[in-house]
**Q** 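Submitted below is the structure of interest, expressed as structure tokens.
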Amino acid sequence: MRKKIVAGNWKMNTLLGEGVELSKGVAAGLAAVPSDVKLVIAPPFTHLYAVADAIKGTSVSLGAQNCADQKSGAYTGEVSAAMLRSVNCEFVILGHSERREYYGENNDTLNRKMQLALENGLSPIFCVGEKLEEREAGRHFDVVGEQLRSVLFNLTAEQMASVVVAYEPVWAIGTGKTATASQAQEIHAFIRKTLREKFGALADEISILYGGSCKPSNAGELFSQPDIDGGLIGGASLKAGDFLEIAKSY
Ligand code: PGA
């Protein structure tokens, strides 16, 4: 059985005190979340150490939003995968469309980041998704297929077993527009089929999360689809109540 995961991507939001409070709020509401749903929170780098402490002893897992594409050394401003692991991160979001779009992240950097994350025992949450014009041109399957092949197809099966995939249509991120449950299911099934080409039956063990304006009012319908194994939540993860409500809608 593949894992059900609800992950909160806080992006560049909250100051330290607010982030610690938010993480405590999530931990405090855990009892009402089905025990087979794994909660992950991914605060900004500056908060990781304190949030790790705030969620210690609970089943909430810590994630980071990015990591360096180099191991260590003279890379001013970067944070390595080993550093993330040293503050108890278990997950790292890689290839988010905002990183691809605003920070020039490409397949080369992503291939290096994936290797470093995996070498350091982190589970990458690898994001894929098409832009609006690509969907309108009917190219979404090609775009997503290419994003998968260029990075995930370079992994061994053993490495792939630690990866979580997130499908996030760029046109739905932070826009209030959500893919319909059937649009999301269609492409999640395509992602699984593509992974099957390279990894065979392992593809059925990989969690594929939906992201893009996922909120309490639409999460239940999205999560009821056979190939949707949870969500990567941006805006709605900034309120503990909403984030927990999403997780409870399983
Ligand atoms: P959103 O962001 O939920 O605010 O649309 C999702 C994401 O980018 O991970």
Side-chain angles (χ1 to χ4, degrees), residues 4-14 18-19 22-23 26 37-45 47-48 51 60-67 89-105 110 113 117 122-132 134-135 140 143-144 147-148 151 163-181 183-184 187-188 191 207-223 225 228-250:
K4 300 173 179 176
I5 298 172
V6 176
N9 174 10
W10 295 3
K11 308 192 180 181
M12 197 171 70
N13 292 297
T14 72
E18 296 162 340
L22 176 53
S23 62
V26 171
V37 178
K38 163 114 242 86
L39 290 190
V40 180
I41 50 179
F45 287 138
H47 304 10
L48 290 172
V51 168
V60 182
S61 290
L62 189 63
Q65 298 173 21
N66 184 25
C67 73
C89 278
E90 293 174 56
F91 292 86
V92 60
I93 299 169
L94 290 178
H96 191 282
S97 61
E98 288 154 12
R99 304 263 353 141
R100 293 179 192 257
E101 176 86 11
Y102 309 142
Y103 301 98
E105 203 143 280
L110 281 171
K113 288 180 182 200
L122 297 167
S123 286
I125 301 177
F126 180 71
C127 304
V128 296
E130 80 286 357
K131 296 180 186 161
L132 183 60
E134 292 165 337
R135 177 159 282 262
H140 44 295
V143 169
V144 169
Q147 290 168 334
L148 296 169
V151 178
V163 175
V164 175
V165 178
Y167 168 66
E168 300 203 303
V170 179
W171 47 272
I173 295 178
T175 58
K177 284 187 198 146
T178 320
T180 63
Q183 277 175 325
I187 199 140
H188 278 234
I191 290 170
S207 301
I208 306 177
L209 315 184
Y210 170 79
S213 300
C214 186
K215 44 189 181 260
S217 59
N218 58 27
E221 200 192 348
L222 287 159
F223 297 170
Q225 302 299 311
I228 300 184
D229 308 308
L232 181 55
I233 321 297
S237 71
L238 295 171
K239 285 196 182 129
D242 285 354
F243 185 60
L244 290 162
E245 212 47 55
I246 290 172
K248 281 190 255 175
S249 59
Y250 245 122

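Along the sequence shown, the residues carry numbers beginning at 1. Computed over heavy atoms, backbone and side chain alike; hydrogens, waters and symmetry mates excluded. Just so you know, ligand 1 is whichever comes first in the structure, and atom 1 is the first atom listed for that ligand.
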**Q** So, using side chain to side chain donor-acceptor pair (under 3.5 Å) as the criterion, who are the partners of Q65 when residues are at least two apart?
**A**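 Once residues adjacent in sequence are excluded, Q65 has no partner under the side chain to side chain donor-acceptor pair (under 3.5 Å) criterion.
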**Q** I'd like to check the side-chain contact (heavy atoms from CB on, under 4.5 Å) partners of S123; sequence neighbours left out, ordered by chain and number.
**A**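 In terms of side-chain contact (heavy atoms from CB on, under 4.5 Å), with neighbours along the sequence ignored, S123 is linked to F91, S162.
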**Q** Closer than 3.5 angstrom, by distance alone: can the side chain of K113 be matched with the main-chain N or O of C67 as a donor-acceptor pair?
**A**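 Present.
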**Q** Would you call D229 and I5 a side-chain contact if the rule is heavy atoms closer than 4.5 Å?
**A**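 Contact flag for D229/I5 side chains = no.
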**Q** With sequence neighbours left out, which residue pairs that include part of residues 165-179 fulfil the side-chain hydrogen bond (donor to acceptor under 3.5 Å, both in side chains) condition?
**A**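 Listed by first then second residue: H96-E168, E130-Y167, E130-W171, R135-Y167, T178-N218.
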**Q** Is there a side-chain contact between S23 and V60 in this structure, where contact means two heavy atoms from C-beta onward sitting under 4.5 Å apart?
**A**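 SC-SC contact between S23 and V60 ruled out.
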**Q** For ligand 1, which of its N or O atoms have a protein N or O partner closer than 3.5 Å, and how long is each gap?
**A**
residue	atom	partner	partner atom	Å
ligand 1	2 (O)	K11	NZ	3.3
ligand 1	3 (O)	S213	N	3.4
ligand 1	3 (O)	G234	N	2.9
ligand 1	4 (O)	G235	N	2.8
ligand 1	5 (O)	G174	N	2.7
ligand 1	5 (O)	S213	N	2.7
ligand 1	8 (O)	K11	NZ	2.8
ligand 1	8 (O)	H96	NE2	2.7
ligand 1	9 (O)	N9	ND2	3.4
ligand 1	9 (O)	H96	NE2	3.4
ligand 1	9 (O)	E168	OE1	3.4
ligand 1	9 (O)	E168	OE2	2.7

